[in-house]
Amino acid sequence: MKNHLGDIQKSKCIIVIGANPAVNHPVGFRHFLKAKENGAKLIVVDPRFTKSAAKADIYARIRPGTDIAFMYGMLKIIFDEGLEDTKYIDERVFGIDKIREEAAKWTAEEVENVTGISKELLVKITHEVAKNKPTTLVWAMGLTQHSVGTSNTRLAPILQMVLGNIGKFGGGVNILRGHDNVQGASDMACLSENLPGYYPLNEATWRYYAKIWGVDYEWLLGNFVSKDWMHKTGLSLARWWVAALNGKDGNDKVDNAGTPLKALVVLGNGITSTAQQVKVKEGLEALELLVLADPFVNEAGIIAERKDGIYLLPAATQFETSGSVTATNRSAQWRFKVVDPLYESMEDQEILFELAKKLGFYEDFTKTLRDEKGEIIWPENATKEIARAVRSIGLNGWSPERLKKHTLNWDKFNEVTLEGKDEVAGEYYGLPWPCWSDKHPGTPVLYNVDIEVAKGGMGFRNNFGLEYEGESLLAKNAPLNSPIDTGYPQITKENIEKILGITLNAEEKEKMGATWFYDDSNIIANKCMEKGIVPYGNAKARAIVWTFKDKIPLHREPIHSPRNDLVQKYPSFEDQKALYRVDTKFISVQKAKDYSEEFPLNLITARLVNLNGAGMENRASMYLSRLTPEMFCEINPDLAKEKNIQKGDMIWIHSPEGTKIRVRVKFNPGIAKEMIFLPFHFTGVMQGVDLTHNFPEGTKPYVSGESANTITNYGYDVMCQIPETKGGLCRISKDGK
Ligand SMILES: Nc1nc2c(c(=O)[nH]1)N[C@H]1C(S)=C(S)[C@@H](COP(=O)(O)OP(=O)(O)OC[C@H]3O[C@@H](n4cnc5c(=O)[nH]c(N)nc54)[C@H](O)[C@@H]3O)O[C@H]1N2
Ligand SMILES: Nc1nc2c(c(=O)[nH]1)N[C@H]1C(S)=C(S)[C@@H](COP(=O)(O)OP(=O)(O)OC[C@H]3O[C@@H](n4cnc5c(=O)[nH]c(N)nc54)[C@H](O)[C@@H]3O)O[C@H]1N2
Ligand SMILES: [Mo]
């Protein structure tokens with residue numbers, strides 16, 4: 001989130017595109033409702049009439065995967081009527097002319113043709129959003145789980161920048177994150193394309209982390225096949241199974257230094273939540289070794305029919321461990337252990353320590369965690385290591401002491417501003433990153449130039465060079481009371497004296513890293529803070545990303561589209577070689593045939609309030625599982641009538657992959673006639689076959705059922721490889737044929 005949940009109470013208009021917070025973020029949604037009580041307008045754009053839509057002033061039903069067309073439609077009206085914030089664009093944004101050119105193509109007629117949203121509704125929504133400032137734009141998985149997911153998540157902020165809404169209280173783009181610590185997990189590099197803090201995989205980063213970890217760079221290098229491989233992204237969670245199947249039965253090929261994937265160790269993912277479960281099952285069965293560390297029986301072990309090479313390790317829950325977690329708005333919380341791990345269960349780090357022992361690098365692995373006596377100080381020293389290493393997103397100011405103090409005094413913070421009082425006066429709750437130094441208060445609203453740097457003000461980061469095609473990329477304005485009243489480059493050892501107007505002594509020069517980014521001494525950040533400027537520079541945000549497949553976001557039809565006519569006009573991307581190490585198809589699948597003839601219905605998968613993710617945690621709870629005692633689909637009563645289906649019938653749903661599931665029918669008039677809704681929280685039954693005999697005795701949950709992901713279609717985002725689980729096609733039958 002650029003802002004935070006409480007800040008939404010300051011919004012005059014809230015547009016939710018592709019999220020259902022009433023169900024998935026019900027506590028956070030209270031802030032939306034308070035904003036409404038203050039007079040804000042709530043707009044919901046979703047293919048389904050959801051519980052969030054039920055609270056909205058305006059609801060627009062959109063065809064899945066067409067949000068880019070919709071947002072360009074809004075942009076065209078904004079430009080045509082002169083509703084854009086020209087000063088903001090001039091001072092802070094690069095490349096809007098290219099957006100203007102593309103937007104010009106999106107007439108209201110074409111937007112209606114592509115998205116299904118009428119001209120009247122498009123104009124009404126645009127006027128509400130553009131005229132009620134500040135507007136906040138909220139999204140979650142409805143925008144991301146598409147082959148154009150990355151483009152969606154670029155165009156939404158562009159729309160907000162055109163309106164001058166980014167870096168404003170009550171404005172921003174606010175992405176409601178998933179699990180409680182998913183922000184922390186990605187900050188800590190549970191991603192295969194970087195090291196902690198989003199540091200790019202290059203030699204400078206590896207050398208920097210070798211120093212932080214106190215290990216030899218050459219030793220790290222020696223663990224890779226070659227230096228080249230040290231700089232490549234790993235496999236993605238969405239497609240690890242491709243590497244296990246390694247081209248078998250016509251599957252995609254893997255580029256993994258000549259080896260298929262042999263072992264899978266899972267800590268804290270359901271695996272049955274991934275698209276294309278039949279392939280996932282085959283992948284699980286092809287592995288030599290499968291290790292599942294989980295407080296529950298991870299159902300990956302149930303759907304895989306294997307007799308050996310599979311280990312279930314009992315992991316402790318979050319109540320049996322402690323440490324910092326990072327919330328959706330970048331605020332940290334300290335989590336205190338409630339009880340010691342029960343029975344033989346172990347905390348996740350202990351499991352990893354044991355693994356490191358067996359692999360022979362336990363001493364190096366735990367070096368930075370030890371005190372002078374050689375004792376491991378967990379988790380405090382891990383937090384300190386993170387604060388020492390991660391400059392990029394400004395974790396410099398975090399410390400176990402500061403974070404514990406915030407959590408213990410949480411009642412002394414204002415929910416709308418995050419400001420503390422009494423012993424936590426002058427700081428924002430959870431030191432939302434960036435928190436540049438041990439005196440900086442944290443940043444409640446990113447990129448806000450209306451306040452001083454010392455209070456959390458900042459411009460945009462200078463991350464993409466000083467100019468592009470002859471045009472400067474530096475900003476033309478600066479945070480309140482900044483000593484430099486315009487843009488400036490990121491601060492390096494080279495330019496610091498000149499830009500800050502200071503003279504360094506020999507010791508400072510000796511200790512300082514080459515740039516603010518690789519400066520574990522933190523001298524650069526501290527000097528910048530003394531002057532009241534941010535170390536990462538002050539640049540324009542860019543609407544053009546010259547290294548991406550689409551330099552500006554473009555509408556491209558989903559890989560499986562119900563509109564074959566539009567596939568011809570808005571085709572998908574070229575097929576990709578070695579994307580996260582696996583070949584990934586786009587246009588060749590999309591153009592293989594007109595899927596809509598045989599599979600006329602859109603498939604929408606999303607969430608229920610009583611179940612989470614892969615669902616095991618909640619289906620093992622008697623009370624939560626009773627609310628949804630079996631897997632089901634929701635269909636429009638008119639579609640049911642046409643197909644001669646009654647409420648409560650069992651039907652089959654078929655995918656273009658040739659897979660099918662058997663589920664109970666529920667009626668929901670909020671689901672359009674041309675779509676089917678499936679929750680994805682069930683598994684244990686696959687294509688009509690019950691696999692629950694694989695549960696160890698006494699561990700079977702109260703409810704098992706077909707997984708929606710058995711029939712989600714082939715399709716992945718071209719930059720980050722998230723599966724296209726919010727777009728795809730299916731058909732229904734009563735007999736399974
Ligand atoms: N109870 C509960 N809460 C949860 C979770 C849970 O499993 N259960 N999961 C957590 C996690 S991990 C996450 S990531 C978040 C996700 O939070 P959300 O993103 O809110 O989750 P979903 O319900 O999957 O999808 C949101 C909406 O996107 C809509 N949608 C589908 N396709 C499109 C499209 O093309 N365009 C638009 N505009 N909308 C579309 C769907 O109809 C759905 O209503 O929730 C978190 N909270
Ligand atoms: N079709 C479809 N598929 C989807 C989505 C969709 O919208 N549609 N949404 C996607 C999204 S956004 C997400 S985030 C995923 C969610 O999918 P998962 O991440 O698979 O969901 P969870 O059920 O939260 O899985 C967490 C697992 O970790 C275990 N666990 C809990 N606490 C701990 C712990 O402290 N330590 C360890 N080691 N394990 C623990 C739980 O028991 C559970 O087995 O699903 C994705 N899949
Ligand atoms: Mo998620």
Side-chain angles (χ1 to χ4, degrees), residues 16-26 28-29 44-53 60-68 70-71 115 138-146 148-149 152 175-182 185 237-238 266-277 292-300 313-321 328 345-349 351-352 558 602-620 624 670-671 675 677-681 683 707-713 722-728:
V16 179
I17 313 183
N20 185 13
V23 166
N24 302 316
H25 304 85
F29 194 59
V44 169
V45 182
D46 196 300
R48 302 184 302 143
F49 186 82
T50 58
K51 291 199 165 113
S52 306
R61 191 189 296 284
I62 190 166
R63 179 166 69 84
T66 64
D67 299 272
I68 291 172
F70 169 68
M71 290 187 276
T115 67
V138 171
W139 79 76
M141 293 303 111
L143 281 198
T144 56
Q145 294 173 359
H146 298 281
V148 291
N152 272 329
I175 304 97
L176 304 172
R177 300 222 58 164
H179 298 79
D180 61 353
N181 187 39
V182 65
L237 173 63
V266 181
L267 286 104
N269 185 274
I271 300 295
T272 58
S273 48
T274 333
Q276 298 200 65
Q277 280 293 298
L292 302 163
D294 199 302
F296 291 84
V297 173
N298 188 306
E299 287 161 299
L313 303 182
T317 65
Q318 293 300 297
F319 303 106
E320 301 159 88
T321 188
T328 184
S345 68
M346 280 165 95
E347 296 168 58
D348 286 305
Q349 79 277 3
I351 294 172
L352 293 175
N602 252 137
L603 179 66
I604 304 268
T605 62
R607 292 165 160 79
L608 304 173
V609 74
N610 60 310
L611 302 178
N612 183 74
M616 178 58 171
E617 287 170 306
N618 326 98
R619 286 182 284 105
L624 291 174
I671 306 294
M675 67 180 68
F677 163 70
L678 292 175
F680 74 95
H681 312 295
T683 189
S707 168
N709 279 315
T710 298
I711 58 163
T712 42
N713 301 185
I722 195 171
E724 194 159 49
T725 34
K726 300 258 190 276

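Quick note: residue numbers are just sequence positions, from 1. When a ligand or atom number is given, it counts from 1 through the structure's own listing order.
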*Name all residues meeting the salt bridge (charged side-chain N to carboxylate O under 4.0 Å, His left out) criterion together with D180; count only those two or more places apart in sequence or in a different chain, and write none if there are none.*
R335

_Contact between ligand 2 and Q318 is defined here as a heavy atom of the residue under 4.0 Å from a ligand atom; is it met?_
yes

*Is the closest heavy atom of A293 to ligand 2 under 4.0 Å?*
yes

Using modelled atom types and a 3.5 Å cut-off, is there a donor and acceptor pairing between side-chain atoms of [X] and backbone atoms of [Y]?
{"X": "T272", "Y": "T683", "answer": "no"}
{"X": "Q145", "Y": "G142", "answer": "no"}
{"X": "H146", "Y": "N152", "answer": "no"}

*Shortest non-hydrogen separation from R48 to I671 and the atoms involved*: CD-CD1, 3.7 Å

*By side-chain hydrogen bond (donor to acceptor under 3.5 Å, both in side chains) - contacts of T115 (at least two apart)*: none

*asked:* List the residues meeting side-chain hydrogen bond (donor to acceptor under 3.5 Å, both in side chains) with S52, not counting sequence neighbours, and say none if there are none.
replied: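 In terms of side-chain hydrogen bond (donor to acceptor under 3.5 Å, both in side chains), with neighbours along the sequence ignored, S52 is linked to N20.
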
*F296: numbered ligand 2 atoms lying under 4.0 Å from its heavy atoms*: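 Going through ligand 2 atom by atom, the ones under 4.0 Å from F296 are 42 (O).
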
*Between N269 and ligand 2, which residue portion shows a heavy-atom distance shorter than 4.0 Å: side chain, backbone, both, or neither?*
both

*Quick one: does ligand 2 sit under 4.0 Å from the side chain of A316, the backbone, both or neither, non-hydrogen atoms only?*
backbone

*At a heavy-atom distance under 4.0 Å, which protein residues reach ligand 1? Sort them by chain and number, would you?*
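Contacting ligand 1 under 4.0 Å are I17, G18, A19, N20, V23, N24, H25, V45, D46, P47, R48, T50, I62, P64, G65, D67, A140, M141, G142, H146, G178, H179, I604, A606, R607, L608, V609, L611, N612, G613, H681, K726.
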
*Quick one: which of D67, V16, T144 gives a side chain to side chain contact (heavy atoms under 4.5 Å, CB included) with W139?*
T144

